[in-house]
Every structure is written in C-alpha cells, then in structure tokens.
Amino acid sequence: MNTPALHAVRGEVVHFLADPAHDARALEHFADGLLIVRDGHVAECGPAGALLPKLPADAEVTDYRGKLILPGFIDTHVHYPQTEIIASHGEQLLEWLEKYTFPAERRFADPGHAAEVAGFFCDELLKNGTTTAAAFATVHPASVDALFAAAHERRMRLITGKVLMDRNCPDFLRDTAASGYAESKALIERWHHRDRLLYAVTPRFAPTSSPEQMALAGQLFAEHPGVFLQSHVAENRAEVAWAAQLYPEARSYLDIYDRCGQLGMRAVFAHCIWLDDTDRRRMAATGAAISFCPTSNLFLGSGLFDLRRARELGVRVGLGTDVGGGTSLSMLQTLNEAYKVLQLGGQSLSAASAFHLATRGGAHGLYLDDRIGNFAPGKEADFVVLDPRATPLLARRSAACATLEERLFVLMMLGDDRAVAATHVLGSVAWQRKPPAWN
C-alpha cells in the first residue's frame, strides 16, 4: 500500500512514557488523539483538536475514532518453526521437545518449507498486532534466511538466529561447535542491521550445547557489537536438574551462561521461573533481560513466574508468546494468561502494567526503546488499532466500562486477534480486518 510521506491517524491514543509500575504519570492518553507520521516515523502525537490545524489541507487522515491506537506489540520470545505444533497434547518440556519439537524442526532443512512457514508466521504476527519479534529459527541456516526474508518483505523489525545445538538432540538437528560458529558468523554478516533486521546468537539451552559450543556462542556475542543473544533458562525443574548434572562446576543454571560470556545487554532469556535472587541480581547487573512466557508456562506445567521479584531487583522484563509451547500468538491472550499466572502467585497485574509489558516494556528489554515502544517523536511508527466492539460480548462489556483502565483490562481478558482492526508498520497498513458483520 502506498502511504503518503506525511499522514495521520485519528482515534483514542494510548502509550507509555515510562513504566506505570514505578510512575503513576507514565501512561499518556488522548481520548480524541492524532498521531502524525512522517516518512515512517512519529512526527507528533497529541490531542486532535490541537494538531489537526497544523496539518496541510491535503494531508491524509485515517479515521479510527471509536478504536484505540497503541504502539505495536513486541513479542520477546517465540519459535517460528513451532507454528505447526501449537496445541500438541500432553507433555512437559523435555518430553515435548522429543515428541513434537525436534520432528517438526527437521522439516526446515527444506528451504521451500521454511519460506512457506515464515510467510505464514509473519502474517499471523501482524494479524495479532505484533510488529516486532525475537524469534528462534532452527539449526538450519536456510530457516534463518527464510524468516529474515519474510520479515524484510513486510518491513517488520525482527530478531532471529540459527539455533546452536551440538549434543543431546537427534543427529538430524545436530551441528558442531565449529560449524555452528561459522554458520552463525556468516548469517550475521549477511543479515544483521539490514534495514530493520537484527541477529541473535541462539544457543537453544545449555543442555543441548557442549561447553565448547557455549564458549563459542559467548565469543560470537562479544565479537559482533550490537548483536543479540537469546536462549532459555530455568523453565522446568527437571531441566534445571539436568543442567546441573551437565555443568557441575556452575553455581546455578544461569551461571552456565555467565561463565560463557553470554550475559549482558541485548541478552534475552525466556522463562526464568526457577531462579534465585543471586541469579536475578546478576541479570540486573549485566543488563540481561527476561521474557515472561505465561501461556507456555501454564501449558507445559513449568511453573509460575515471579514478576514482582524480578522488578524489585531491577531486571528488565518483556513478554513472550513462546509458540509452540505457548498457545497463542495473540499478545492480548498472552496478557490474559499473565494476569492469571500472577494471581496464582499472589500478585496483581494492572491493565496499564500489562500493556506496558507488551509495548514499551518489551522494547526496553530488547534495548530498542530508542526506536520503538511508544509514540515519542522520531520513533518508528509501528502501531496497532484495537476495536473494543470487535465481538458482541466485548462490545457489551466495554460499554459498561467507566475508566480507561477498565476498558484496557476488558480488552486483554476478552480480546484476541478479532480485536485487532488494523496493524501499521512504519506508518503503512500491514494488516486490516473487515468490520465485524454484526456491528
């Protein structure tokens, strides 16, 4: 779609200037707002009455009144090759990998299959209002090429990398420490910082990498300033015990990564359920971030994440769908389950804190908050338009809401992809839903 260099969208604008858990003034809300976009970036955001007169008479204004305009959702942990095994029955983490994940990932040796799934996956992200993701590929370099190519075609901001896995996995998915290093280095040179694309060194988790491979992953992370590192840690108690057997010299599971030079800014670790305060303090000190993956943690029976303690100790936290262990690519549904996980842990998640996690919080965790996450001038104009009347039940419940906080809470509890009216990437429409027939 051709979009004018200068254009605007009008609707109810909501975004965050800071973390509402620490600053009551963090949420900025314009009931009748205008977001002005110039060359794919935010030019200005504020009340429509004040900003409309500033626009040229012929400026295009898209009318989203009656809907909410928020920054695009940011998924800090997801597996694109596992799109086809979402909702697979009956196992916990280690058994689930053997039974479902590894056979599915084997198919990504075929570049054609990888390209087809990558295109579907990116379209599903956009359908759900997600404009940035940190995604795992597979051990096959072609799987990385396919996802980067699909995201590049859609102008999305995307982080991915080749999985490193040289032991405790099937032969058909096994690389070596040397080949994993060489293939990752070539992919970094081919894709990192190509437009909006960013590379992540990606050891699957410590038990499937030898000490040599883990050391080389840390070396890659250090050798290429600006790259990311993504992995899993302390998801499941059996996994924690296994890691301790394989790395007896480490103080903790997280310490394995630390000893290999894998903690630091732009390092993102999914789950982090079974950590202690020493681990959390070390993450905070090094700048490493946590991806909170509630639907996966419930589905695989892994445990309950302690968001309060992570925040108290200063750890950066974003939100991850973790498909296919996660059960939805919808960030609204992921917020729904995050609320329940925290309720079970004796904690409460406000709607403002929830939507901050899905937007600016994710950007902060990924060290991309200078580019995405809110509508500050100069940010990339990625945003989602949410329809509080998308379904009859959502419309009925929303009509009874008295405050913005209540309306946001209803959206995250009752909403899903049907509530996404449109998704814009760099200001342009990347996904648009037909109005519901009943409305």
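Listed by chain and residue number, nothing satisfies the side-chain hydrogen bond (donor to acceptor under 3.5 Å, both in side chains) test with Asp370 (two or more places apart in sequence, or in another chain).
More than 12 non-hydrogen atoms from other residues, nucleotides or ligands lie less than 6.0 angstrom from CZ of Arg433. Annotation: Arg106, atom CZ; neighbour count of heavy atoms from other residues, nucleotides and ligands within 6.0 Å does not exceed 12. Within a 6.0 Å radius of CZ in Arg418, no more than 12 heavy atoms belonging to other residues, nucleotides or ligands are found. Other residues, nucleotides and ligands contribute at most 12 non-hydrogen atoms within 6.0 Å of the CZ atom of Arg237.
Distance alone, capped at 3.5 Å, is enough to place a donor-acceptor pair between the Asn128 side chain and the Glu124 backbone. Arg154 places a side-chain N or O within donor-acceptor distance of the main-chain N or O of Ala150, the cut-off being under 3.5 Å. The backbone N or O of Ala200 sits less than 3.5 Å from a side-chain atom of Thr202, completing a donor-acceptor pair. Looking only at distances, no side-chain donor or acceptor of Asp322 sits under 3.5 Å from a matching main-chain atom of Gly325. For Ser296 (side chain) and Cys293 (main-chain N/O), no donor-acceptor pair under 3.5 Å exists by modelled atom type.
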* To do: Start with the C-alpha gap between Arg174 and Asp171, add the side-chain angles, then the distance that decides, and say whether salt bridge (Lys or Arg N to Asp or Glu O under 4.0 Å) holds.
  => CA-CA 5 Å; Arg174 189 172 301 176; Asp171 289 344; 3.5 Å; yes
* Chi angles and distances behind the salt bridge (Lys or Arg N to Asp or Glu O under 4.0 Å) call for Glu105, Arg204 -> CA-CA 13 Å; Glu105 292 191 0; Arg204 176 172 232 114; 2.7 Å; yes
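In this structure, Thr101 and Gln82 have side chains that are in contact, with non-hydrogen atoms separated by less than 4.5 Å. Looking only at side-chain heavy atoms (C-beta outward), Thr160 and Leu198 stay at 4.5 Å or farther from each other. Between Val317 and Phe305 there is a side-chain heavy-atom pair separated by less than 4.5 Å. Contact check for Met412 versus Phe409: side-chain heavy atoms found under the 4.5 Å cut-off. Arg266 is not listed as a side-chain neighbour of Val227, based on a closest heavy-atom distance of 4.5 Å or more. Annotation: side chain of Leu335 is in contact with side chain of Leu319 (closest heavy-atom distance under 4.5 Å). Two residues are said to be in side-chain contact when any heavy atoms from C-beta on lie closer than 4.5 Å; Glu84 and Arg107 meet this criterion. Residues Val410 and Leu394 have side chains in contact (heavy-atom distance under 4.5 Å, counting atoms from C-beta outward).
Ring geometry, Phe73 versus Phe355: the interplanar angle falls from 30° to 60°, so the pair is classed tilted. Relative ring orientation between Tyr199 and Phe148 is described as tilted, the plane-to-plane angle lying within the 30° to 60° band. Using a 30° and 60° split on the angle between ring planes, His77 and His271 fall in the perpendicular class, above 60°.
Between Arg280 and Asp276 there is no salt bridge, since no side-chain N of the basic residue sits under 4.0 Å from a carboxylate O of the acidic one.
A side-chain contact (heavy atoms from CB on, under 4.5 Å) with Thr132 is found for one member of Met156, Arg157, Glu380, Arg371 and no other, namely Arg157. Between Pro81 and the choices Val323, Val117, Thr138, Val139, the side-chain contact (heavy atoms from CB on, under 4.5 Å) rule is met once, by Thr138. Paired with Ser184 under the rule side-chain contact (heavy atoms from CB on, under 4.5 Å), one option of Val163, Leu164, Val201 passes, and it is Leu164.
Looking at Glu337 and Thr295, their side chains never bring a donor and an acceptor atom within 3.5 Å of each other. Between Ser210 and Asp166, the side chains place a donor N or O and an acceptor N or O closer than 3.5 Å (distance only, hydrogens not considered). Inspection of the Trp431 and Asp123 side chains reveals no N or O donor paired with an N or O acceptor under 3.5 Å.
To the nearest 0.5 Å, atoms OG (Ser350) and OH (Tyr339) are separated by 10.5 Å. Here the straight-line distance linking atom CG of Asp369 with atom OG1 of Thr359 works out to 11.0 Å at 0.5 Å rounding.
Close placement of the His79 and His232 rings is indicated, their centers lying within 6.0 Å of each other. In this structure, Tyr80 has its ring center no closer than 6.0 Å to that of Phe120. Here the two rings, on His140 and Phe108, have centers that are 6.0 Å apart or farther. Aromatic ring centres of Phe205 and Tyr253: separated by at least 6.0 Å.
Remark: Arg360 fails to qualify as a cation-pi partner of Phe16 under the 6.0 Å distance and 45° angle criteria applied to the six-membered ring. Under a cutoff of 6.0 Å and an axis angle of 45°, Arg316 and Tyr367 form a cation-pi pair.
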